[in-house]
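Quick notes on the structure that follows.
Just so it is clear: chains get the letters A, B, ... in the order the sequence lines come, proteins before strands, and each one is counted from 1.
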4 protein chains.
Amino acid sequence: MPRKICVVVTARPSYSRIKTALRAIQEHPDLELQLVVAASALLDRYGTAVNYIESDGFKIDARVYMVLEGENPASMAKTTGLGMLELATVFDNLKPDVVVTVADRFETLATAVAASYMNIPVAHIQGGEVTGSIDEKVRHAVTKLADLHLVSTEYAGERVKKMGEEDRKIFVTGCPSIDLAAEIADDPALNFNPFDRYGGVGGLHELINGYLVVMQHPVTTEHEKARQHVWETLEAVYEMNMQTLWFWPNVDAGSDGTSNGIRSFREKYKPENIHFFKNMEPTDFLRLLYSSKCLIGNSSVGIRECSYLGVPVVNIGTRQTGRERGANVVDVGYGKDEILAAMRKQTSNGRFAQDKLYGNGKAGTRISQVLADAPLQIEKRLTY
Amino acid sequence: MPRKICVVVTARPSYSRIKTALRAIQEHPDLELQLVVAASALLDRYGTAVNYIESDGFKIDARVYMVLEGENPASMAKTTGLGMLELATVFDNLKPDVVVTVADRFETLATAVAASYMNIPVAHIQGGEVTGSIDEKVRHAVTKLADLHLVSTEYAGERVKKMGEEDRKIFVTGCPSIDLAAEIADDPALNFNPFDRYGGVGGLHELINGYLVVMQHPVTTEHEKARQHVWETLEAVYEMNMQTLWFWPNVDAGSDGTSNGIRSFREKYKPENIHFFKNMEPTDFLRLLYSSKCLIGNSSVGIRECSYLGVPVVNIGTRQTGRERGANVVDVGYGKDEILAAMRKQTSNGRFAQDKLYGNGKAGTRISQVLADAPLQIEKRLTY
Amino acid sequence: MPRKICVVVTARPSYSRIKTALRAIQEHPDLELQLVVAASALLDRYGTAVNYIESDGFKIDARVYMVLEGENPASMAKTTGLGMLELATVFDNLKPDVVVTVADRFETLATAVAASYMNIPVAHIQGGEVTGSIDEKVRHAVTKLADLHLVSTEYAGERVKKMGEEDRKIFVTGCPSIDLAAEIADDPALNFNPFDRYGGVGGLHELINGYLVVMQHPVTTEHEKARQHVWETLEAVYEMNMQTLWFWPNVDAGSDGTSNGIRSFREKYKPENIHFFKNMEPTDFLRLLYSSKCLIGNSSVGIRECSYLGVPVVNIGTRQTGRERGANVVDVGYGKDEILAAMRKQTSNGRFAQDKLYGNGKAGTRISQVLADAPLQIEKRLTY
Amino acid sequence: MPRKICVVVTARPSYSRIKTALRAIQEHPDLELQLVVAASALLDRYGTAVNYIESDGFKIDARVYMVLEGENPASMAKTTGLGMLELATVFDNLKPDVVVTVADRFETLATAVAASYMNIPVAHIQGGEVTGSIDEKVRHAVTKLADLHLVSTEYAGERVKKMGEEDRKIFVTGCPSIDLAAEIADDPALNFNPFDRYGGVGGLHELINGYLVVMQHPVTTEHEKARQHVWETLEAVYEMNMQTLWFWPNVDAGSDGTSNGIRSFREKYKPENIHFFKNMEPTDFLRLLYSSKCLIGNSSVGIRECSYLGVPVVNIGTRQTGRERGANVVDVGYGKDEILAAMRKQTSNGRFAQDKLYGNGKAGTRISQVLADAPLQIEKRLTY
């Protein structure tokens with residue numbers, strides 16, 4: 001009987017981080033995929049990732065609405081609690097052999113806690129990395145709950161081991177997001193018109209010159225400053241006056257601050273050089289990135305996929321602090337002037353060399369192999 | 001303005017582990033105590049710890065019912081989620097400066113997650129210890145969420161540090177449970193009649209000879225075996241034929257299995273040498289322990305308080321595996337025969353020497369000092 | 001395409017009230033049964049109705065643990081809220097055409113509210129009846145949420161109509177519980193030994209003489225008195241000194257009071273004439289009732305099934321106040337003496353004539369027909 | 001000891017419907033106000049009513065975040081369940097003598113259910129009215145749970161009585177919203193500049209000519225049509241080409257549809273004659289209404305306050321169907337042309353005569369008197 005592998009996908013970016021693994025699990029003869037789609041992955045405001053999941057041909061076993069509205073950190077805590085409550089029922093009905101949880105979001109933690117208390121082995125994708133904000137706490141807490149660690153980099157594996165996890169349960173698989181990047185790098189032609197396919201709002205209607213891509217998320221433990229942060233970036237991009245494709249942030253306690261900043265800026269300046277998109281199919285997004293002059297913001301795509309793709313990145317603020325990075329990244333603070341200076345430097349540099357720091361493009365397959373072969377065991381103990 | 005210290009007490013044993021700290025916080029001029037009583041601490045089936053809390057003179061700021069019924073591990077996961085949901089509201093209304101969470105229960109985790117997402121510094125009591133079962137995962141996950149670590153032993157502090165926590169945030173305070181033990185050791189007379197004061201059911205009505213104390217909890221990741229485990233211990237105690245005071249287990253997924261086993265055994269054998277109690281005021285319990293010949297079961301009281309008190313202990317099964325212990329403990333498996341042999345050995349040994357492994361009796365005061373003085377900071381990162 | 005009929009079963013008694021309808025829905029060519037089992041129907045303490053449901057051959061589409069522990073009315077409110085949360089997810093995944101909710105329990109209301117907000121037509125079984133306690137409020141609130149009313153008696157239908165519901169949406173189907181009673185009445189032989197099949201605890205081991213059956217539930221708005229109420233009945237039954245089969249109450253805020261009373265009484269008197277059962281397959285229970293001398297307590301079985309079966313009933317207290325009843329029922333207060341007097345009168349009377357007040361034995365089939373044929377419409381308005 | 005009256009305010013419009021009663025409860029010597037602010041009343045997207053509540057000088061005893069995000073009716077059901085869970089804890093901690101719930105929203109129902117199960121008498125404001133949509137079901141379900149009915153009109157009182165409620169528990173108090181309208185009618189000068197005070201977005205910057213006010217909410221059981229409905233109204237108002245103040249809808253399952261329609265329309269037409277506001281202090285809103293030529297949309301303000309104020313109203317669609325109305329209201333369907341025709345008719349008519357259908361301006365005081373004087377009793381039964 002195949003092992004039942006239940007993967008919980010809760011957000012647009014998590015989907016890109018797991019998609020090739022989903023495919024490989026689905027195709028593996030000894031595995032049966034159980035797919036749960038939850039949280040912001042179901043919501044229009046955050047790009048309705050569920051639509052992409054379905055159009056990619058995945059069958060969804062359960063959907064769980066669990067995101068609480070609010071401009072207050074209480075809503076994040078409550079979303080986590082609600083997710084735990086409901087995922088317990090989902091797991092109780094699906095009876096998986098392994099639950100897979102991705103990265104370091106609050107739903108990641110909800111998934112890990114629910115599965116742990118239900119004595120279901122937890123496989124954690126992307127443990128052992130270091131960043132700023134609450135994600136840092138959550139990621140390592142999930143490591144302490146997890147029974148299998150499927151990490152992206154050698155160094156991440158080292159950290160997981162140092163935290164007291166057993167060597168034999170740590171697998172350096174690379175990140176599945178790099179699998180998608182590798183597919184694009186093999187055939188990078190910009191074969192679609194983003195305005196026709198995705199609509200969006202704002203000033204641009206065709207891409208003729210070199211262009212920028214921006215994706216800036218609120219940093220949750222400073223959520224009141226989110227509006228101010230995004231404003232500085234908006235001003236830098238406005239003054240840079242290159243064609244710019246700007247992507248809306250995903251769900252977080254401060255997202256209303258960021259969204260609000262963007263709306264006010266548009267109202268005030270009606271910037272002709274910026275077009276705003278709510279969401280985009282991940283491969284289309286990577287294709288756009290590949291041909292761009294530079295990615296600006298604090299998305300981890302800049303650190304991970306862009307290192308493989310060689311795209312120059314201006315990484316703003318603390319959100320990615322501590323993450324291993326390639327030569328393609330320039331780090332700056334939140335001020336308009338330093339952002340602008342870095343953008344100028346990076347756009348004049350051109351493409352960087354490919355870096356396999358986060359994977360060699362075979363992570364999905366590797367993950368499915370580990371899930372099929374690894375001994376499953378829920379009892380564990382610190383190694384020291 | 002005093003720092004507002006919100007302590008969440010969720011079970012009878014946790015209350016003993018924090019009581020002297022509550023008192024010290026209450027009396028500290030720079031601290032204001034906010035006390036939340038939740039989960040099994042409110043429930044009759046688990047001894048209504050809330051009554052002892054109130055009769056000890058503490059004012060309760062919020063009560064939260066959150067324990068879900070069920071013989072299924074799903075109910076533990078859901079209890080955790082429900083606790084998180086509700087504690088978020090409680091914290092949002094109380095607005096504490098620090099949240100204190102105790103040990104490694106599911107509500108401990110719910111408390112830590114809720115506070116972390118709300119950007120409230122978390123102080124964790126009793127991190128860094130090693131045991132069996134799900135508690136192990138939860139304890140270390142809480143360490144990764146916590147901002148201040150108030151540990152019981154030197155070695156526990158070492159482990160917390162190895163997990164990547166900063167030295168300056170780790171404080172070896174000792175365990176407040178030893179404070180209570182120290183008070184008893186100073187004046188150990190058995191100054192009450194347990195049958196008169198606590199009722200209970202079963203065969204004994206006075207304590208004239210040497211007597212045994214039993215407290216055996218279900219081991220949650222093996223919860224279906226709970227009934228069988230307790231049955232072996234019951235048979236051993238029955239055959240030993242000494243006067244025995246048996247304490248009901250606290251809430252856990254398998255508690256119905258254990259309770260059920262006890263009920264069936266009583267129905268079948270009507271054991272004249274065993275009296276069953278649901279609960280007891282912690283100091284009365286310690287006093288009883290002090291004068292007993294031996295403690296049998298898997299309670300951590302055997303490992304902690306009894307090492308200070310010098311009471312011989314027969315520790316059954318995996319629940320305390322990995323915990324540091326003194327010379328007073330003999331470890332055995334679940335079989336009736338090895339339990340019986342160990343009981344005979346320990347009862348013939350007599351009292352052991354005092355061991356300060358888990359504290360010197362001043363933990364409560366030390367904890368309140370740390371809470372008053374430590375810099376509060378929610379941002380953290382692995383030290384490696 | 002068949003209509004998908006989602007039935008939510010949440011308790012042992014509700015299952016008897018819907019079982020023949022489940023069968024008829026399952027067999028109807030134009031209907032597809034979706035079965036959700038939740039709340040106390042899943043719990044060992046309340047008889048694990050789910051086991052009977054499965055052994056009756058029904059496939060369960062979702063299980064939902066939702067009963068909160070506690071001796072406090074808050075736990076009932078929270079159970080209702082939790083049920084609503086989770087049932088919404090279940091309905092969102094099952095996408096039923098109609099949701100069927102039974103009677104007047106808190107989960108009945110949770111079911112009706114969740115379905116109403118999800119724009120799913122609600123069919124309510126057993127509306128329009130009148131009783132005491134919170135059930136009264138809940139039952140009529142569910143009527144105001146429901147789109148189809150499948151009532152048990154003519155008079156119940158009249159009341160639903162008076163409350164402002166449209167005549168064409170009200171169907172007097174009879175109660176499915178009477179279908180089971182009719183099957184037993186056709187072949188009433190006591191063809192099993194209850195002690196062998198169901199175990200239980202207490203003094204009896206065979207049924208040779210005439211015997212009594214007792215089933216007394218706590219009355220929720222007076223839950224603190226539950227212990228005292230059951231004590232009076234216990235004393236009456238003890239003094240009556242006939243063989244007695246006593247059934248444990250189902251889940252309610254005061255159930256711990258009642259259970260506690262029973263336990264204490266047993267501890268004190270060790271009554272040799274009473275045997276206590278936790279649960280029994282409904283048809284076995286009816287068979288036992290049929291051959292009994294009298295049913296004592298406040299179960300609605302006394303009012304409904306016993307009127308068809310002609311079994312004498314001593315109905316205690318306010319729980320069934322207002323319900324239509326046949327000649328087989330004598331109503332008394334909570335005092336031991338009046339209970340005892342009524343038991344003597346009823347046991348000396350012998351079987352009463354069959355009364356079809358609550359149905360003619362074809363309710364299940366009639367309900368399935370209505371569910372297949374009735375126009376489905378969620379918009380409604382008071383008729384006055 | 002004063003009666004503790006716990007009022008749960010969950011939305012901007014509910015606050016207007018209860019504000020003068022809050023004041024009267026606060027000032028009544030025999031009453032103590034306990035104020036809970038929850039749901040959309042806490043959210044920025046819906047106008048953060050909590051800010052107005054605080055600036056009006058009310059102390060808030062508990063805040064509860066409970067609105068779930070989503071474009072799906074499941075989220076409304078889950079919001080209701082979550083509210084019930086959390087309000088139970090709030091009531092358990094506040095221990096009110098009476099809980100007051102307002103109108104017919106999902107949180108109204110959550111409040112009533114939680115209080116009912118906790119044996120706390122429920123006073124329902126605004127029962128007995130008739131409208132379209134799910135509100136209709138909820139309003140009457142709350143009536144069946146409520147113990148005191150404080151209705152707005154004579155006819156509403158009649159309907160509550162017909163539903164089987166006791167005459168002595170029904171009080172025709174009038175609606176507190178009319179109290180605010182009466183204050184404005186006494187001194188109606190437009191003494192502020194809405195653009196300066198409330199910002200908002202869009203084409204207008206001063207009010208010099210006659211102007212229109214629009215407030216159109218999604219109709220929940222048709223939520224997918226919400227976008228189309230609002231679009232027709234937008235076109236009518238655009239073509240009318242009078243100055244227009246447009247108010248954003250409050251939280252409902254379809255609100256994203258409506259909001260989305262408004263955003264798209266603005267993007268497409270950049271209408272110079274329409275200014276959009278998110279929220280406004282209720283008295284400022286009434287002042288603006290008083291001086292307007294016409295209110296367009298489906299807000300109940302058109303039916304209630306405007307009848308007292310004599311403001312002409314174009315009432316669109318089914319949302320207010322069945323509600324009693326004065327001569328000031330013209331009802332139309334969702335089509336642009338009929339909306340436009342009605343707007344022309346109403347703007348040329350001028351102010352209507354005052355109508356006291358919904359109250360005489362003393363409702364708040366009357367409500368506080370009833371709450372102080374009425375016998376409190378939770379047991380009830382149908383009167384027929």
Would you mind reporting whether B/Tyr384 and A/Val130 have side-chain heavy atoms less than 4.5 Å apart?
no
Side chain, backbone, both or neither: which part of B/Leu109 has a heavy atom under 4.5 Å from chain A?
side chain
Do the side chain of A/Tyr117 and the main chain of B/Pro73 share a donor and acceptor less than 3.5 angstrom apart?
no
Which of A/Ala112, A/Ala74, A/Ala110 touches chain B most, by non-hydrogen pairs under 4.5 Å:
A/Ala74
Using a heavy-atom cutoff of under 4.5 Å, enumerate the residues of residues 160-172 of chain B that contact chain A, numbered in order, or state 'none'.
B/Lys162, B/Met163
Under the 3.5 angstrom rule, does the side chain of B/Lys144 hit a backbone N or O of A/Glu136 as a donor-acceptor pair?
no
CG (B/Leu85) and OG1 (A/Thr79) are apart, to the nearest 0.5 Å, by 8.5 Å
Could you tell me if the side chain of B/His140 sits less than 4.5 Å from the side chain of A/Leu145, heavy atoms only?
no
Pairwise salt bridge (Lys or Arg N to Asp or Glu O under 4.0 Å) hits with a residue in residues 74-88 of chain B, at least two apart:
B/Lys78-C/Glu86, B/Glu86-C/Lys78
Ordered numerically, the heavy-atom neighbours of chain B under 4.5 Å found in residues 150-159 of chain A are A/Tyr155, A/Arg159
Side chain, backbone, both or neither: which part of A/Val138 has a heavy atom under 4.5 Å from chain B?
both
Value for CE (A/Met118) from CD1 (B/Ile134), rounded to nearest 0.5 Å, stands at 11.5 Å
Quick one, A/Thr321 and B/Arg381 - any side-chain contact, counting heavy atoms below 4.5 Å?
yes
Taking salt bridge (charged side-chain N to carboxylate O under 4.0 Å, His left out) as the test, write out the residues that go with A/Asp61, two or more places apart.
A/Lys59
Between the side chain of A/Lys137 and the main-chain N/O of B/Ile378, is any donor-acceptor distance below 3.5 Å?
yes
Would you say B/Met84 and A/Leu82 make side-chain contact, with heavy atoms under 4.5 Å?
no
